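Worksheet: one structure, shown below.
Predicted model only: the values in this text are computed from it and were never measured.
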Amino acid sequence: MKRFFTLLVSVFALTATGWAQDEGEDLDQTFVFVDDQGNIVPDGSVITVAAINDEGQMVVPLKVKNVEGGGAAVSMYETIDALPNGGWQTCAFGNCMTLSATGYSAKNIISGTDASDIQTEWMPEQGKYATWSATLQIHVFNIITKTVFGMKQEVAGEEIIGYGPKVTVNFVYNSESAHISGIAADHQPKEYFNVRGQRIDGPQKGLNIIRLANGKTIKTINK
């Protein structure tokens with residue numbers, strides 16, 4: 001089934017609450033979120049997921065990439081307190097986890113510049129329609145050396161040394177979710193542009209920039 005989602009590029013300031021960086025603290029950009037085409041998703045972006053796949057999952061269409069290439073320890077802090085029903089799963093950084101409340105994904109040392117699939121999804125209970133939001137933020141941890149079976153090895157530590165980009169994911173699950181293959185009715189397109197800002201006749205495969213009738217500009221990715 002074709003997946004559809006919308007990237008609403010509406011960057012907002014991160015507040016200094018528990019897991020977010022303090023005011024004035026630099027954003028750690030060791031890791032970034034990227035889409036399926038490898039485009040960087042800016043810090044503060046809002047993603048609307050409005051389709052459910054054949055497995056009953058509403059998938060967050062993002063990956064995480066180490067842009068520096070050197071080994072760094074990473075995890076995602078996932079705020080899902082508003083989860084209305086169903087389950088939440090994230091298979092990231094070498095391990096799959098099921099979360100029932102706000103918390104961290106697996107944590108691991110990642111090197112190289114290949115994008116890692118985070119495979120994060122909400123699995124709603126069938127027919128229990130809801131609209132809610134979750135947030136994902138990259139946290140960078142220290143690296144420590146441990147002796148395991150007489151051998152020294154580097155592992156991810158417990159100290160947060162950097163707060164990376166954050167995205168908000170808006171889930172819209174309704175009777176139309178399993179049938180969405182285009183832009184939702186309340187976001188009627190007026191003009192289409194490609195990644196170079198050139199006007200095009202209509203949506204094309206890959207990244208599209210769309211100016212809506214209400215004046216807002218959004219990015220969509222068509223598979």
Side-chain angles (χ1 to χ4, degrees), residues 11 13-45 47 49 55 57-83 86-123 133-169 171:
V11 178
L14 299 180
T15 58
T17 57
W19 56 275
Q21 63 261 45
D22 293 331
E23 184 177 357
E25 184 175 349
D26 290 338
L27 180 72
D28 189 306
Q29 299 189 69
T30 304
F31 295 88
V32 296
F33 287 107
V34 297
D35 60 29
D36 287 340
Q37 307 301 314
N39 302 301
I40 293 177
V41 178
D43 173 49
S45 292
I47 302 169
V49 178
E55 288 73 43
Q57 303 167 335
M58 302 192 79
V59 180
V60 178
L62 296 177
K63 299 180 180 182
V64 169
K65 182 177 182 179
N66 181 344
V67 295
E68 294 189 359
V74 62
S75 180
M76 278 192 310
Y77 192 80
E78 307 179 14
T79 304
I80 57 170
D81 292 333
L83 183 71
W88 180 271
Q89 177 175 274
T90 178
C91 293
F93 316 126
N95 196 9
C96 290
M97 298 180 63
T98 299
L99 297 180
S100 57
T102 291
Y104 281 100
S105 72
K107 179 171 55 178
N108 207 346
I109 298 175
I110 304 297
S111 59
T113 56
D114 290 339
S116 301
D117 195 336
I118 61 175
Q119 295 180 320
T120 301
E121 60 253 353
W122 174 39
M123 297 162 286
S133 297
T135 60
L136 308 175
Q137 187 179 24
I138 297 169
H139 283 187
V140 182
F141 288 79
N142 66 324
I143 296 177
I144 62 176
T145 300
K146 280 189 174 182
T147 300
V148 181
F149 300 114
M151 299 182 63
K152 290 185 177 181
Q153 63 181 38
E154 290 188 330
V155 297
E158 298 298 325
E159 179 187 353
I160 300 172
I161 61 173
Y163 296 91
K166 180 175 78 171
V167 297
T168 296
V169 184
F171 292 97

Relative to each other, are the rings of F171 and W122 parallel, tilted or perpendicular (30° and 60° limits)? perpendicular
Between the CD atom in Q57 and the OG1 atom in T120, the distance rounded to the nearest 0.5 Å is 11.0 Å
Check: Do side-chain atoms of T102 reach the backbone of I80 as a donor and acceptor pair under 3.5 angstrom?
Finding: yes
Do the non-hydrogen side-chain atoms of T30 and N66 ever get within less than 4.5 Å of each other? yes
Between T113 and V67 the two heavy atoms that sit nearest each other are CG2-O, 4.5 Å
Problem set entry | Under 3.5 Å: donor-acceptor pair, side chain of T79, backbone of A134 | no
For V59 and E121, the nearest pair of non-hydrogen atoms, with its separation, is CA-CB, 3.9 Å
Paired with K63, the side chain to side chain contact (heavy atoms under 4.5 Å, CB included) test is passed by just one of D35, I118, V34, namely V34
Inset, instruction - Flag the pair P61 / I47 as yes when at least one side-chain heavy-atom distance between them is below 4.5 Å, and no otherwise. - result: yes
Check: S105 main-chain N/O paired with S75 side-chain donor or acceptor under 3.5 Å:
yes
For S133 and A82, the nearest pair of non-hydrogen atoms, with its separation, is O-CB, 4.0 Å
When rounded to the nearest 0.5 Å, the distance separating CG of N142 from CD of E158 is 8.0 Å
Give a yes or no on whether the ring-centroid distance for Y104 and F141 is below 6.0 angstrom.
yes
Output for pair (Q153 CD, I109 CD1), nearest 0.5 Å, gives 8.5 Å
In this structure, NZ of K65 is separated from CZ of F33 (nearest 0.5 Å) by 14.5 Å
Side-chain heavy-atom pair V74, H139 within 4.5 angstrom cut-off:
no
When every non-hydrogen atom of P42 is compared with those of V167, the smallest separation belongs to O-CG1, 4.4 Å
Distance col, row Q137:CD vs D28:CG, nearest 0.5 angstrom, shows 10.0 Å
Looking at G94, is its backbone amide N or carbonyl O close enough to the side chain of N108 to form a donor-acceptor pair, meaning the two atoms are under 3.5 Å apart?
no
Original post:
Does any non-hydrogen side-chain atom of I144 lie less than 4.5 Å from one of K146?
Top reply: yes
Problem - Heavy-atom neighbours of E55 CD exceed 12 at 6.0 Å - result: yes
CE of M76 to CZ of F31, rounded to nearest 0.5 Å, is 11.5 Å
